[in-house]
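Residue indices begin at 1 and follow the sequence shown.
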Amino acid sequence: LNLSNMAASTMVIFLVGIFLLPQTNANPAINYACQPPFHEYGFCNTSMSIEERLDSLVSTLTIEEKASQLQARSCPAIDRVGIPFFCWGQNAITGLGPANFPIAPAMAATFNISAVHRMGKAIGQNARAMFNARTENKSHGYTCPGSVVTWGPTMNLIRDPRWGRNFETPSEDPFLIGKYVTAWVKGSQEGEDSRYLKTIVTIKHWVGYSVDNYDGPDKPGPNQGGSDRYSFNAIIDDYNMRDSYTPGFQMAIEQGGARGVMCSYNEVNGVPACMNANITTILRDEFGFDGYVSSDTDAIWSNNHHNYAKTRLSAITDGLRDGRCDVESSVGSENVYAENIAAFVNNGTLNVSYVDQAIRDTFRVRMEAGLFDPMQGQAYININTTDSADDDVLKASKDAIVLLQNNGSVLPLKRNSKVALIGPFAQALQSQAEMANGKSGSVVAVQGCSVTGTDTSGFDAATKAAAEADFVVLCVGSEESVEHEYHDRTNTTLPGVQVDLAKAVAKASKAGVISVVSNRGAPAIDTLKQISPGILLAWETSRSSGPIPDVMDAVFGLYSPAGRLPYTVYPADYINQINFFEMSLTKPPGRTYKYYTGSPLWPFGWGLTYTEFKMSLSKAPSSKSLPMSFSIDVQNTGNMDSDEVTQVYFMPTFTRSDAPLPIKQLIDFRRDHIPQGSSATFDFTVNATQLATITSTGKSSVLSGAYKIIVTNGVENTIEIDAVIA
């Protein structure tokens, strides 16, 4: 989206959930084509294949009608043939309508793919309910509510901790991203009626997008263009493209069946993503994608500042022919497709076959959603209630909490104590803390300082409260004003004077401090690691600024946190070691756990619990060759029920000179609840294809050599198994 402040998009989603709940005067028929008297058209004939029906549609529509359908946020009705108004633009990242799950990296931190599937299912339910309830044929600025299309999930790589949209995407790991988005897509698109898509999920942003608007000291390199997304050229070699940037998309398409893709603003190797034939070859030809592609807002023309397409004709041709971008999205600006295609086709300067292909792509997914079939007998037509998914949201919120540090087992805190919450998010957590602490306890909340700014006038009250409390909980972190769409960070430490507040409070407290961190991206909390023996990562809710309130239940031991980091938490100095605009993950000191050679504050996959687990190899593989099967026994030997996350990686034990190799790479994981004193046995199978790596030319290859299969909980329990590919 072309938003300078994500508050606008957040509020839009909120308003959709409030005001577009099903209404009594809704008429679902306004959404469906082929209603009498138009049902005799060939494209309405359900005895024909979809491709045959598309042939009929293409031959029926005029060029002016075709042009009108290749635009978003919405397409007008074609009354002549009974095709209704259609909405494309409906954002859904981690929620829609009344269902609002935690932010994407928090959902990934659950390492619970079924939770992501349930989120997708709730979004699909709400999309259909809102679609059926739609009563007006118009869009509203940046949204077009009442659609079977979702624009989301976002699935770009968390490449650098300074990117402003890290809160919107799941992970730094392509495999975890792929598993996450596959579950999201299947949960949303698949439903009770296997004949039709419940929704049309649009994954975004294709591809190499992780620069929004950076005004820090780093400068783009040679040939990288400007420092914002409208002018930046992401230079990505074949290895990094296929190793890190595209695998998640491939999984979402091949395994999840995603039917929509949004292309991004940035250039990729000198060509805008929405006009890039080489990138499209990967998406369409290699991954077999035959759904629709939409541009990001105004990416084809109005906001495309790359100066690649010099004229409207070249922009349209490059978009339709080379980029295979079927729909141009625009808001309040010229839609170069809708306003110019017909004239260029009529004067012979634009090949109509490019337009017809786009019509086929866009109407294929609309037909797959049942919108050109008789309404009678379609299960989704009866969906008239939205789902807040309260139980699923609550469980996901608790599952997302990551216990980063618990030196001396300072957590959980003793209930019914005198507790001081101190920091910018103290008041947001006070109510939940009071309930979790118990009736005989007390909780005071002192702000101390704001999230940003330099005002320290609240320090005295904060240190006084700290000195008087049995326990002190620092409630610090980031918020939307610090990092959001079109606003990248220039540092990754706690903003404002929060570090100074933390030091002052820690010095005043007689019992030390624990920290609850509200985060959107990956915070560099070096100081907290030094002064706070207990640290909980509490993320941010998707509806409002502030940490997940249920973190306070974990603080007081009402449940054991068991989330795992979906990205590396780098030290504050990391950003001084690598240029923000460097797209290579392998260039020293490296990016992500796969290539970073430094010492992180906490590594990918890290997360503690309040209990103790013992891991053992209960059934070893019969040989070192692949495929191999083995069983892992996990026993809860501590004094508290808890979930445990088991992660499986491969690690090459050899080197090569022609291309990089990952230090290690995630290939499987699972999350399970194991009560105190109980154990569980988990079976794993590893195939040779899971150990594939990328050549210097971007080809996937299973290399001969010795490997380690590493099974770990991300912290202290690790089992290594030798594997050999001959």
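At least one side-chain heavy atom of Ile548 sits under 4.5 Å from a side-chain heavy atom of Ile401. When side chains are defined from C-beta on, Val569 does not count as touching Pro600, because their heavy atoms never get closer than 4.5 Å. Looking at heavy atoms from C-beta onward, Ile525 lies in side-chain contact with Ile535 at the 4.5 angstrom threshold. Asp243 places a side-chain heavy atom less than 4.5 Å from the side chain of Tyr595. Contact of the Ser171 side chain with the Tyr180 side chain is not registered, since no non-hydrogen atoms from C-beta on lie closer than 4.5 Å. Within the 4.5 Å cutoff, no side-chain heavy atoms of Leu536 are placed close to those of Ser515. For the pair Pro153/Val201, a side-chain contact is recorded, criterion being any heavy-atom separation below 4.5 Å from C-beta on. Looking at Arg242 and Ile282, their side chains come closer than 4.5 Å, going by heavy atoms from C-beta outward.
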Applying salt bridge (Lys or Arg N to Asp or Glu O under 4.0 Å), run through Asp218 and Arg162 and close with a yes or a no.
CA-CA 11 Å; Asp218 293 352; Arg162 289 165 285 188; 3.0 Å; yes

Run the salt bridge (Lys or Arg N to Asp or Glu O under 4.0 Å) check on Asp290 and Arg284 step by step: do they pass?
CA-CA 6 Å; Asp290 66 350; Arg284 297 280 191 183; over 6 Å; no

Intermediate values then yes/no, side-chain hydrogen bond (donor to acceptor under 3.5 Å, both in side chains), Gln577 and Asp573:
CA-CA 7 Å; Gln577 302 172 33; Asp573 188 57; 3.2 Å; yes

Quick one, Asp318 with Tyr308, criterion side-chain hydrogen bond (donor to acceptor under 3.5 Å, both in side chains). Give me CA distance, side-chain angles, the key distance, then yes/no.
CA-CA 9 Å; Asp318 294 342; Tyr308 181 81; 5.0 Å; no

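The 12-atom threshold is exceeded at NZ of Lys708, counting heavy atoms of other residues, nucleotides or ligands nearer than 6.0 Å.
A donor-acceptor pair shorter than 3.5 Å cannot be found between the side chains of Asn687 and Thr689. Looking only at atom types and distance, the side chain of Glu483 has a donor-acceptor partner in the side chain of Ser478 under 3.5 Å away. When only modelled atom types and interatomic distance are considered, Ser629 and Thr685 share a side-chain donor-acceptor pair under 3.5 Å.
Using modelled atom types, no side-chain atom of Glu267 and backbone atom of Ala234 make a donor-acceptor pair closer than 3.5 Å. Using modelled atom types, no side-chain atom of Trp606 and backbone atom of Val715 make a donor-acceptor pair closer than 3.5 Å. Arg656 places no side-chain N or O within 3.5 Å of a backbone atom of Asp658 that could act as its donor or acceptor partner. At least one donor-acceptor pair closer than 3.5 Å links the side chain of Ser584 to the backbone N or O of Thr586. At distances below 3.5 Å, not a single donor-acceptor pair connects side-chain atoms of Asn213 with backbone N or O atoms of His487.
Looking at every heavy atom in both residues, Ser294 comes nearest to Ser329 through OG-CB, 4.0 Å. The shortest non-hydrogen separation linking Trp539 to Ala109 is CZ2-CB, 3.5 Å. Among all heavy-atom pairs drawn from Ile300 and Ser295, the shortest one is CG1-CB, 3.8 Å. Summarising the geometry of Gly152 relative to Ile93, their closest heavy-atom pair is CA-CD1, 4.1 Å, with the distance given to 0.1 Å. When every heavy atom of Ala538 is checked against every heavy atom of Val516, the shortest pair comes out as CB-CG1, 3.7 Å. Of all non-hydrogen atoms in Lys624 and Met628, the two that sit nearest each other are O-CE, 3.6 Å.
Each of Thr154, Thr94, Asn156 was checked for a side chain to side chain donor-acceptor pair (under 3.5 Å) with Glu168, and the lone residue meeting it is Thr154.
A distance below 6.0 Å separates the ring centres of Phe581 and Phe232. A distance of 6.0 Å or more separates the ring centres of Phe604 and Tyr596.
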Quick one: side chains of residues 665-672, donor-acceptor pairs under 3.5 Å with protein atoms, not counting sequence neighbours, listed by atom name and distance.
unit_1, atom_1, unit_2, atom_2, d
Gln665, OE1, Lys594, NZ, 3.3
Arg670, NE, Asp672, OD1, 3.4
Arg670, NE, Asp672, OD2, 2.7
Arg670, NH2, Asp672, OD1, 2.8
Arg671, NE, Asp643, OD2, 2.9
Arg671, NH1, Thr110, O, 2.9
Arg671, NH1, Asp399, O, 2.9
Arg671, NH2, Asp399, OD1, 3.3
Arg671, NH2, Asp643, OD2, 3.3

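Cys325 does not pair with Cys263 as a disulfide, the SG atoms being 2.5 Å or more apart.
Using a 4.0 Å cut-off between charged side-chain N and carboxylate O, Arg591 and Asp160 make a salt bridge.
In this pair, Tyr209 and Tyr265 present their aromatic rings perpendicular. The plane angle is above 60°, beyond the 30 to 60° band. Ring planes of Tyr570 and Tyr574: parallel class, angle under 30° (limits at 30 and 60°).
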